[in-house]
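Below, each value reflects all heavy atoms present in this structure, side chains not excepted, and no hydrogens, waters or symmetry copies.
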Amino acid sequence: MHVEGTENKGERVLSPELEFLTSPTASCEMRQALQTRKREYCAGTILKVEAEENTATYCVLSGWLALSKSTIDGERQIIDVILPGEILHPTSADGHSSWIQIETLSRASLAVVPRAEWSKLEATDPTIRKLEATTIAASMSRMSERMLRLGKGTAESRIAYALIELCLRLTAIRQSKNREYHLPMTQKDLGDFVGLSSVHVCRTLRRLNRNGVISTMDHMDIRIHDVETLAHIAEVDLDRLRSEIISVR
């Protein structure tokens, strides 16, 4: 079911994650659009159904989104996770329908800006096109890493990569410190993200816990104890991965 959010027109929308908003080059029009188009959503809200008409651009001010596709029999694959400060254009090549289902993984605040209005903002604010370009490049880089492991990786390498990717991205927006963060996903959600059953996810997390690589607490609070070992399992170079998947704002 598609559930609409409520639009809050009086709130100030300047989150620390969206540093580009405080830039001297950010236009008043951009600030006003993010403020007046701000909407709040509860966790588990479906914002857009795959193939549904789409006429908006989504700017995530806070919270997590899952982008997913499903088979006819209801099997879901989470294609990407969208974090605060990222911009999403879900319109497909036909110019009007959404190529993806969008769902909130946590309570989230988004600016849902009509496409025509967003196009005008792009024309007046040069920082927007730069932000969009780096966001798309980072998204393509991380999705290619995940696709590699979905096709060729072990269960451990898939889980290890996902935990490292999210840690790096959250650290970049100051939502992770000392490699600790909250993962607002069930084990089934994580399985849908890495292409594993919840049973495989549970077994793999337990093994990583037993080996002292990570610890999981209180409904998916993650602490990475041995990032070098986790990176070895994921088969990634941390510095290179960081440079490829983190948008430069």
query = Stepwise, does the side chain to side chain contact (heavy atoms under 4.5 Å, CB included) test hold for Gln77 with Ile79?
reply = CA-CA 6 Å; Gln77 177 66 48; Ile79 306 299; 4.0 Å; yes
task = Evaluate salt bridge (charged side-chain N to carboxylate O under 4.0 Å, His left out) for Glu244 paired with Arg242, printing each intermediate quantity in order.
result = CA-CA 5 Å; Glu244 290 179 349; Arg242 184 183 294 107; over 6 Å; no
inquiry  = For a side-chain hydrogen bond (donor to acceptor under 3.5 Å, both in side chains) check, start with the C-alpha distance between Arg115 and Thr91, then their side-chain angles and the critical distance, and finish with the verdict.
reply    = CA-CA 10 Å; Arg115 196 161 53 207; Thr91 305; 3.0 Å; yes
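The 12-atom threshold is exceeded at NE2 of His89, counting heavy atoms of other residues, nucleotides or ligands nearer than 6.0 Å. Remark: Arg146 CZ is packed, more than 12 non-hydrogen atoms of other residues, nucleotides or ligands lying under 6.0 Å away. For Arg206, the CZ atom counts as loosely surrounded, since its 6.0 Å shell holds 12 or fewer non-hydrogen atoms of other residues, nucleotides or ligands.
Considering CD of Glu117 and CZ of Arg37, their distance stands at 4.5 Å, rounded to 0.5 Å. Ile233 CD1 to Ser157 OG: the interatomic distance, rounded to the nearest 0.5 Å, is 9.0 Å. Rounding to the nearest 0.5 angstrom, the gap separating the CG atom in Leu183 from the CD1 atom in Ile222 is 5.5 Å. Taken from CG in Leu166 to CD in Gln175, the straight-line distance is 11.5 Å, to the nearest 0.5 Å. Taken to the nearest 0.5 Å, the CG atom of Leu34 stands 10.5 Å off from the CG atom of Leu110. Note that CG of Leu208 and CD of Glu156 are 5.0 Å apart. Values are rounded to the nearest 0.5 Å.
Between Pro184 and His182, the closest side-chain pair of non-hydrogen atoms falls below 4.5 Å. Side-chain contact between Ile224 and Val213 is absent, with no heavy atoms from C-beta onward closer than 4.5 Å.
In this structure Ser98 satisfies the side-chain contact (heavy atoms from CB on, under 4.5 Å) test together with Lys48, Asn54, Pro90, Ile100, sequence neighbours excluded. Lys120 is linked by a side-chain contact (heavy atoms from CB on, under 4.5 Å) to nothing, counting only residues two or more places apart in sequence or in another chain. Partners of Met217 by side-chain contact (heavy atoms from CB on, under 4.5 Å), not counting sequence neighbours, listed by chain and number: Ser215, Asp221, Arg223. For the salt bridge (Lys or Arg N to Asp or Glu O under 4.0 Å) test, no residue two or more places apart in sequence or in another chain qualifies with Glu29. For Arg169, the salt bridge (Lys or Arg N to Asp or Glu O under 4.0 Å) test picks out Glu86, Glu165, with sequence neighbours left out. With sequence neighbours excluded, the residues that form a side-chain contact (heavy atoms from CB on, under 4.5 Å) with Asp94 are Ser92, His96, Ser97.
Between Arg76 and Asp189 there is a salt bridge, with a side-chain nitrogen of the basic residue lying less than 4.0 Å from a carboxylate oxygen of the acidic one.
Trp64 and Glu103 are not linked by any side-chain donor-acceptor pair at a separation below 3.5 angstrom, with hydrogens and angles left out of the test. Counting only N and O atoms by type, the side chains of Thr229 and His232 include no donor and acceptor under 3.5 Å apart. Between the side chains of Arg39 and Ser109, no donor-acceptor pair of N or O atoms lies under 3.5 Å.
Note on Met220 and Leu163: same hydrophobic cluster, where clusters join Ile, Leu, Val, Met, Phe, Trp and Tyr whose side-chain heavy atoms are under 4.5 Å apart, directly or indirectly.
The side-chain hydrogen bond (donor to acceptor under 3.5 Å, both in side chains) test with Lys69 singles out one residue from Glu75, Glu50, Gln101, and that residue is Glu50.
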